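Here is the structure we will look at.
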Amino acid sequence: MSQPILHGAPYSVYVRAVRLCLEEKSVSYQLVDIAPGSAAAVARHPYGKIPVFEHDGLTLTEAPAIAEYVDERFAGRPLRPETVAGRARMRQWVSVYADYVYPVAVRQVALPLFLAERDGAPTDPAAIARAAAAVPGLLAPLEAAIDRMTPYLAGAAPSIADFMLYPLLDMARRVAPLHGILDGLPRLADWRERMAARPSAAATAPG
């Protein structure tokens, strides 16, 4: 079996989500740092996005699909619930994150600030503030999914849904407008600390 290759920038929350899954499965892999939209990304992804995953002649894009492949292909603790209902809940929260939370928290808040710092791109502080203020409401359904019986998004153990969400909530610590997004969401705040304590989180922490 060849060593997997993961193409993508370490700062990307989706790249980190895949890395978390690889670390949780104790899979040795090579990380090749490429930026979205770069020639290297365009050559590997039909839309020039990251991450891109290569293993044994297979090339995969889209972090949730890569994560499920990693879980099925490699030995180690399962990253998906055992029951049909549990797996459906997992995929539900992955979709909620991708469709509602990520577009606002990353594309409307974190990305404009990143491009302003890197390239001097202009920003709209009012629009960024409005978007950041909307994030807690978008996270509220995920807050409700966590309780004593299901301390993680899809059950008693972390699943792919948790590893998709965690990089964004960890990133929020470093993006000023997002610092308070877990105020009033105590279960998610506790969840973030429990996820941060996992060895996989330390192994993939941005430099």
Side-chain angles (χ1 to χ4, degrees), residues 6-25 34-37 41 44-53 59-72 79-81 84-115 128 130-146 150 152-155 157-175 177-178 181-182 185 187-188 191-192 195 200-201 204 206:
L6 180 63
H7 300 269
Y11 62 76
S12 161
V13 293
Y14 274 128
V15 171
R16 190 178 183 195
V18 173
R19 295 181 67 202
L20 286 167
C21 293
L22 289 162
E23 293 288 343
E24 289 281 331
K25 301 288 281 192
I34 65 172
R44 292 171 172 83
H45 191 292
Y47 303 105
K49 303 292 186 179
I50 54 174
V52 177
F53 182 81
T59 299
L60 280 176
T61 65
E62 312 312 312
I66 297 169
E68 292 215 32
Y69 173 86
V70 166
D71 190 35
E72 286 199 48
L79 304 183
R80 294 170 299 170
V84 172
R87 291 192 295 275
R89 281 171 56 84
M90 179 198 78
R91 294 186 181 109
Q92 167 188 275
W93 295 126
V94 169
S95 292
V96 164
Y97 166 73
D99 293 343
Y100 308 115
V101 181
Y102 176 91
V104 177
V106 175
R107 296 210 169 272
Q108 297 181 34
V109 180
L111 182 60
L113 294 173
F114 171 77
L115 294 177
I128 290 172
R130 286 194 301 271
V135 175
L138 298 172
L139 290 171
L142 292 96
E143 164 84 0
I146 299 172
T150 56
Y152 296 95
L153 291 174
S159 72
I160 289 169
D162 299 279
F163 298 121
M164 289 291 144
L165 177 63
Y166 174 71
L168 186 147
L169 293 190
D170 185 53
M171 176 202 69
R173 301 177 194 267
R174 299 181 292 279
V175 178
L178 298 177
I181 60 170
L182 296 186
L185 299 173
R187 284 175 285 187
L188 267 182
W191 170 92
R192 181 171 69 175
M195 293 295 292
S200 61
T204 60

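All values derive from a computational prediction rather than experimental measurement. Numbering of residues begins at 1 and proceeds along the displayed sequence.
What you find for Ile128 and Pro177 is that their closest heavy atoms are CG2-CG, 4.0 Å. Taking both residues in full, the closest heavy atoms of Ala154 and Gly86 are given as CB-O, 3.8 Å, listed atom of the first, atom of the second, then distance. Considering every non-hydrogen atom in both Ala105 and Leu168, the closest pair reads CB-CD1, 3.8 Å. Considering every non-hydrogen atom in both Gly8 and Val15, the closest pair reads CA-CG2, 3.7 Å. The minimum heavy-atom distance linking Ala35 with Ala41 is given by the pair O-CB, 3.4 Å. Smallest separation of non-hydrogen atoms from Pro167 and Phe163: CD-O, 3.1 Å.
For the pair Leu60/Val52, no side-chain contact is recorded, criterion being any heavy-atom separation below 4.5 Å from C-beta on. The shortest distance between side-chain heavy atoms of Thr204 and Tyr166 does not fall below 4.5 Å. Between Val106 and Tyr14, the closest side-chain pair of non-hydrogen atoms is not below 4.5 Å. Side-chain atoms of Thr59 and Arg44, non-hydrogen and from C-beta on, never get closer than 4.5 Å to each other. Within the 4.5 Å cutoff, the side chain of Met164 has no heavy atoms near those of the Met90 side chain. With a 4.5 Å cut-off on side-chain heavy atoms, Leu139 and Leu165 count as touching. For the pair Gln108 and Arg130, the minimum side-chain heavy-atom distance is 4.5 Å or more. Counting only heavy atoms from C-beta outward, the side chains of Leu169 and Ile181 approach each other to under 4.5 Å.
Note that the CG atom of Asp71 and the CD atom of Glu24 stand 10.5 Å from one another [nearest 0.5 Å]. Taking CZ of Arg19 as the start and CZ of Arg16 as the end, the distance is 8.0 Å to the nearest 0.5 Å. Separating the CZ atom in Arg91 from the CZ atom in Arg80 is a distance of 6.5 Å, to the nearest 0.5 Å. To the nearest 0.5 Å, atom CZ of residue Arg173 and atom CG of residue Leu182 are 8.5 Å apart. Expressed to the nearest 0.5 Å, how far CD1 of Ile160 lies from CG of Leu79 amounts to 5.5 Å. Atom OH of Tyr100 sits about 11.5 Å away from atom CG of Leu142, to the nearest 0.5 Å.
Here the side chain of Thr150 pairs a donor or acceptor atom with the backbone of Ala145 at under 3.5 angstrom. The closest donor-acceptor contact from the side chain of Trp93 to the backbone of Ala161 lies at 3.5 Å or more, if one exists at all.
Applying the 6.0 Å contact sphere to OH of Tyr69 captures more than 12 heavy atoms from other residues, nucleotides or ligands. Within a 6.0 Å radius of CZ in Arg107, no more than 12 heavy atoms belonging to other residues, nucleotides or ligands are found.
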What do the steps show when you test Val13 against Tyr97 for side chain to side chain contact (heavy atoms under 4.5 Å, CB included), and what is the final call? CA-CA 12 Å; Val13 293; Tyr97 166 73; 3.6 Å; yes
Test side chain to side chain contact (heavy atoms under 4.5 Å, CB included) on Tyr11 and Met171 and set out the steps. CA-CA 9 Å; Tyr11 62 76; Met171 176 202 69; over 6 Å; no
